[in-house]
Protein chains: 2
Amino acid sequence: MIKKNFFNPKSIAVVGASRKKTKLGFTILKNILDYNYKGKVYPVNPKTKKILGRVCYANISQIPIKIDLAILVIPAKIAPIILEECGRKKVPNVIIISAGFKEIGGEGIVLEKKICEITKKYKINLLGPNCLGILDSVNNLNASFAEGMIEKGKVAFMSQSGAICTAMLDWAHLNDIGFSRFISLGNKAGITEIDLMKFFARDKETKVVLAYLEEISYGQEFLRVAKKLTKKKPLIIVKAGKTREGQAAISSHTGSLAGRDEGVVAAFRQTNTIRANSLGDLFNLIKVFNKGIILRNNRIGIVANAGGPSVMTTDAISESSLRLAKFTSKTIRKLRENLPITANIYNPVDVVGDAMADRYELAMETVLKDKNVDALIVLLTPQTVTEIEKTARAIINNSKKFNKKLIVSSFIGGKKVKPGIELLQKNNIAHFEFPEETVETLNMLYRYCKDRSKKEIFPQVKLLRSQKDFIKGIVAKNIRRRFKQIDFLESLKILKYYGIMTAEYYLVTSKQEVKKSSQKLGYPVAMKIISNNIIHKTEVGGVEINIKNDKEAVSAYESIISNVKKEYPKAIIDGVLIQPMIREGKEIIIGMKRDPQFGPLIMFGLGGIYVEVLKDVSFRVAPVAKEQAREIISEIKSFKLLRGIRGEKASDINSLVDLITKVSQLSLDIPEIKELDINPAFVLSKGQGYKVVDVRFII
Amino acid sequence: MIKKNFFNPKSIAVVGASRKKTKLGFTILKNILDYNYKGKVYPVNPKTKKILGRVCYANISQIPIKIDLAILVIPAKIAPIILEECGRKKVPNVIIISAGFKEIGGEGIVLEKKICEITKKYKINLLGPNCLGILDSVNNLNASFAEGMIEKGKVAFMSQSGAICTAMLDWAHLNDIGFSRFISLGNKAGITEIDLMKFFARDKETKVVLAYLEEISYGQEFLRVAKKLTKKKPLIIVKAGKTREGQAAISSHTGSLAGRDEGVVAAFRQTNTIRANSLGDLFNLIKVFNKGIILRNNRIGIVANAGGPSVMTTDAISESSLRLAKFTSKTIRKLRENLPITANIYNPVDVVGDAMADRYELAMETVLKDKNVDALIVLLTPQTVTEIEKTARAIINNSKKFNKKLIVSSFIGGKKVKPGIELLQKNNIAHFEFPEETVETLNMLYRYCKDRSKKEIFPQVKLLRSQKDFIKGIVAKNIRRRFKQIDFLESLKILKYYGIMTAEYYLVTSKQEVKKSSQKLGYPVAMKIISNNIIHKTEVGGVEINIKNDKEAVSAYESIISNVKKEYPKAIIDGVLIQPMIREGKEIIIGMKRDPQFGPLIMFGLGGIYVEVLKDVSFRVAPVAKEQAREIISEIKSFKLLRGIRGEKASDINSLVDLITKVSQLSLDIPEIKELDINPAFVLSKGQGYKVVDVRFII
């Protein structure tokens, strides 16, 4: 766990500090000394006596006091030795700046492993290696080799890419954005984004958490921690590497659909993590989230001095979850009385091209006073008489006056509008180059705020000890025998233990039984071979469907047995399974495959062409709450078919919700199952439940 | 037609010129005089003798020489009188700056009509009213009240919004973008975007045409003109007002799906017009299209000094039509020899954080020399040693050396990278804030270039004089009788004239005929009532399907007749139509409704839930070429079903192409048909054609 003294150390040792100005060991020491950091600073270097006026120690153990943070700027090869020294001196926090570890492969990987072992041994909080360091505006600390200091602010930022750190710092300097803490994660050998998320959840100095990540370390823990964090503070992540081809695609059905980015999309969705699709998005989001205003409702007012940009803004609002506010009659009256006749007094308000700052101010104030308005977008184009800076100042004033409402701006243009924009930014007013960005960013804020209050219920099936043992036994047996797939009847049993409803069936082993069983089930029926040796049943002639009567039943049975015996003379046949042909309800598919980052990824879709041709599926990561199960169902485009079209009865969606949460639990309970495929199942009409016809557990 | 002297007048009269500095009549005159315009300029104002040192005339007729362009800055009310004067003086071109016309409604509309009449009478090319005027860098003419002059360039810009004009000018000044011509369209009473598109197609000074439009004036002409223009030059349009609710939604099927923006999307697609979805997009597109480089292939090289931004760029490329270039072994060898060991020498090239400008330059040059590379993206993040301006200069140098290849850049950051960006922009190197924008813009250029060479064939069915007359007669008869829908049998006849294949049918009027006809068609059959008085056949019990034998046939006939007589005792019954139940092939729907801007909008989709639930449809505007018909079919998501899944035979897609082009022709031939609905038709397997079962022509 990251403790306060990581960001607020009372004493710092810079191991590998240097007098040479071109060395990082110099830059870091100088950065620590330059920005009014109040703690004690000790350069460590056996070859030097003094650096920047400070006495230099030969090694860290010689420093007479306790060290809260050691920064290592040394050749990778000696890192383990130095780290051991830190451990012995009981240094709780270490940052390894040096590169030459995992990222170079080969011996670098070995070296990084060694480091991990040492940090565990001494319980050291390690940041890096291969990172820029950290900056902290609360404690005026720049413990990095990045140039310049961050401004004070409430945004925490962490990045897996050093280059993105430098770009972000540079951008922030231009855009007057401040940070609380700023962390370069490097190789994440010790501290990960999750450790920091936990810290930021408690950190009073931080109100928004941003991250640039290329991979997420411990997906299941990420889910838990992110969920908690986002209840308190927004978490905004740029997740790069969306399309990177990871391992070879898994051949199965679910596998081929779930690939790539679905795990991230689902996990972010479930945890109310805001995904910035690009650095541009990220920078825009900072400007709005930075202000710490909650947008509980979605009613947007617009004040502009031109029609064109208003139309574009309205277009963008219509395509988002936001709505144009409907003004009260009082607002409309006030606007009518005070604006010229050519103005538009309804939302969007057009104060017309010849509006000076006073007219803008009046319109803004009137609209902000309206109780039907949650946020205001101010648009400006540089017309001949437009008072750009004065209007900017009017926005700043109103933003102070109405500090509970969000005011954002878009001054559209270039050279002329620039001084206005700079003024807005200096005063912490979110400004966007274009109306569309403005709307999109507000939309993301609104959706975050809305989802924050969502409740979640995770139903749990309680299995008996004996049932658990049985499942363990089956799994162990199959793994021992190197079977890739759990036996069908055993699979059905597992489903049953979880309370998952399956279609009726009989397993028959003789002609005599065939008739009796088929009659009990009621024609038409289907039959399939059950044998551990046969995975592709259809291909060997081991399946017959639509069997209508006793005669057909017997002949189907005989043909299955003879087909299989011909193709696989040595196969051990357990029997033939008879199931009724289900002709009511709608075919559905539920799949699970393990996402390398997040674990069980549950897929839902309607069976047949909906999944195969239209790829109309949606995903969630286990554990799937009831509410999320409902979402995964309603997200598919063919959802309307489940609600019933053309006077049909609605399908039993509640039972599917139950089914999905059970599949989710099962996937978490039995980690040996690599893939799960319920295909097909049939959902019946409301109140009638569903029936699973076929299931495959791949182990 | 716009003639050269519109942009290059030898003489200009400013009617309503003023000495008062706050008046537009002053600003415009001063603007004309200020930027080195070579022609003659005459202020006109009866109350003044001299303005800005120029002799002032009392009215335009007193000016002693021929006037090429008159600019009217006068009260709207006297505009007709002044325009008459211009007409009498044979002034070929007039710009009315003044507002107070159509845009204010009421008398403004009347006034604008009057103006239109006068311009027609005297064949005046009229721009405006309610506009800013024009700027022309070729002739150093600023005939507008916009501040400042445009820089010289090859981009023509026109805008329906004056505010967007001022924003664009302001942006261009900051971003060093030049224009050939710059036009504020105003109310489009005379000159429209189409007139200008025609002019720009011939204009040697213009290489790219940009427009901001809120409505498109003459859709069908737009299609023709845009198609011609885009063969020569890119046409980029921001079309605002996407979601504006126009007239009440038409209740019919096609209507409810075709609404809003589909016409624009289809028309732009068909004409290879590039749609900028926002001003941001537009500004980005200008930077790349501006350079006049053709991107025939899609192989992109990347050079960066960091991994993070490279990953994001690769992500974006994977999601576009672009591809990462695969370097030749020569390139790889050269990079390996010259870059440090930690660099990535495969695409994307990572020259690593400590790269100075020389390393960047070497990598860029090597990559640009590679014959497998069509365009290069240079990414830079401000690391400690990065030489930002020097690297910018290296880009500029390479861009000159390899002037056939496109080089674009993204320096990611803020304060530090700014001087580099400014240098790039000054030297006409496209620069983008973020990698994603860079890729998207290149992608749009590539797609434009690719589509430019597409050929189109418009098959035409030649109807006999007698057939044309018959159709005219039917339409006239139905309109006279105020029928909303053309009689079913007549509709089938129209389809036949166009060579559209329909399912067989018999019209029977007695029990005796029922059996014979049904037997001829072969059971099962369907029956429906045919009566001009009955539109909703199913609702009155006028339809029976799945009739399996003679007995059922007779009883179905009787029940239809009795049902209808009960509900509509006075209905004139033409008979009962018998058709075979088509059980082979796939159900499709083709619809047409008239888009208010573009005319016949043709919709295609698979029948049933695909259209109704999944809204899986696509659109094109008539005339639909064979190639576009093929596109409209393959664009739907369920297209795979037509190609055949699970070993099925493919459907006869060629016959559908033929059907769609015929529906397109029919829609253009018979403008009285407001809507057309072929629903259902069945497409059979390859070579077997299709069969239209039902059709509705709404008039």
Side-chain angles (χ1 to χ4, degrees), chain A residues 27 104 145 147 159-164 166-167 170-175 212 214 238 240-244 277-280 305-309 311-312 314-316 318-319 342 353 381-384 412-418 433-437 609 612-614 616 637-638 640-641 645, chain B residues 27 104 145 147 159-164 166-167 169-175 212 214 238 240-244 277-280 305-309 311-312 314-315 318-319 342 353 381-384 412-418 433-437 609 612-614 616 637-638 640-641 645:
Chain A
T27 311
I104 63 160
F145 61 89
E147 254 177 80
S159 167
Q160 223 179 317
S161 153
I164 299 293
T166 59
D170 195 31
W171 176 83
H173 286 143
L174 190 70
N175 288 272
Y212 167 90
E214 292 180 359
V238 176
K242 289 190 223 179
T243 61
R244 199 193 293 169
N277 279 311
S278 65
L279 277 187
N305 68 346
V311 174
M312 287 188 278
T314 307
D315 274 352
S318 298
E319 289 169 346
T342 47
T381 52
Q383 317 255 3
T384 319
I412 309 164
K415 219 165 200 164
K416 278 197 211 168
V417 295
K418 216 172 144 197
E433 254 185 288
F434 303 109
E436 293 82 4
E437 299 173 343
I609 45 158
E612 282 173 35
V613 179
L614 302 176
D616 185 18
K637 284 195 191 127
S638 36
K640 283 180 199 161
L641 295 177
I645 54 162
Chain B
T27 311
I104 62 159
F145 61 88
E147 252 177 82
S159 166
Q160 223 177 318
S161 152
I164 299 294
T166 58
L169 285 172
D170 196 31
W171 175 83
H173 285 143
L174 190 71
N175 288 273
Y212 167 89
E214 292 180 358
V238 176
K242 290 190 221 178
T243 60
R244 199 193 293 170
N277 279 312
S278 64
L279 275 187
N305 68 345
V311 174
M312 287 189 278
T314 307
D315 274 351
S318 299
E319 288 170 347
T342 47
T381 51
Q383 318 255 4
T384 318
I412 309 164
K415 218 165 199 166
K416 278 199 214 167
V417 295
K418 216 172 142 198
E433 255 184 288
F434 303 108
E436 293 82 5
E437 299 174 343
I609 44 156
E612 281 172 37
V613 179
L614 302 175
D616 184 19
K637 285 196 191 124
S638 37
K640 284 180 199 161
L641 294 178
I645 53 162

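Per chain, numbering begins at 1; letters A, B, ... match sequence-line order. None of the values given here were measured: they were computed from a predicted structure.
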**Message:** Going by side-chain contact (heavy atoms from CB on, under 4.5 Å), name the residues that satisfy it together with B:E433, two or more places apart in sequence or in a different chain.
**Reply:** A:E433, B:E437
Interchain contact, [X] with chain B, by part (heavy-atom threshold 4.5 Å):
| X | value |
| --- | --- |
| A:I645 | side chain |
| A:T166 | both |
| A:Y212 | side chain |

**Request:** Please examine the side chains of B:L279 and A:M312, heavy atoms only from C-beta on, and report whether any two atoms are closer than 4.5 Å.
**Result:** yes
**Prompt:** Within a strict 4.5 Å, meaning less than it, do heavy atoms of the B:Q160 and A:V311 side chains meet?
**Reply:** no
**Asked** chain A: which of B:G162, B:A306, B:G414, B:G308 shares the most heavy-atom pairs with it under 4.5 Å?
**Response** B:G414
**Prompt:** In terms of heavy-atom pairs under 4.5 Å with chain A, which of B:S638, B:G353, B:G280, B:A172 leads?
**Reply:** B:G280
Contact winner vs chain B - [options], heavy-atom pairs under 4.5 Å:
| options | answer |
| --- | --- |
| A:I412, A:D616, A:V613 | A:V613 |
| A:T342, A:L641, A:N175 | A:L641 |
| A:T27, A:I164, A:I609, A:V238 | A:I609 |

**Message:** Taking B:V417's backbone N and O only, do any of them form a donor-acceptor pair with A:D170's side chain (distance below 3.5 Å, no angle check)?
**Reply:** yes
**Message:** According to side-chain hydrogen bond (donor to acceptor under 3.5 Å, both in side chains), who are the partners of B:S278, at least two apart in sequence or on a separate chain?
**Reply:** none
**Request:** Of all the heavy-atom pairs spanning A:D315 and B:A240, show the shortest one and how long it is.
**Result:** OD2-C, 3.6 Å
**Prompt:** What's the shortest heavy-atom distance between A:A163 and B:Q383, and which atoms?
**Reply:** CB-NE2, 3.3 Å
**Prompt:** At what distance, to the nearest 0.5 angstrom, does CG of A:L174 lie from NZ of B:K416?
**Reply:** 13.0 Å
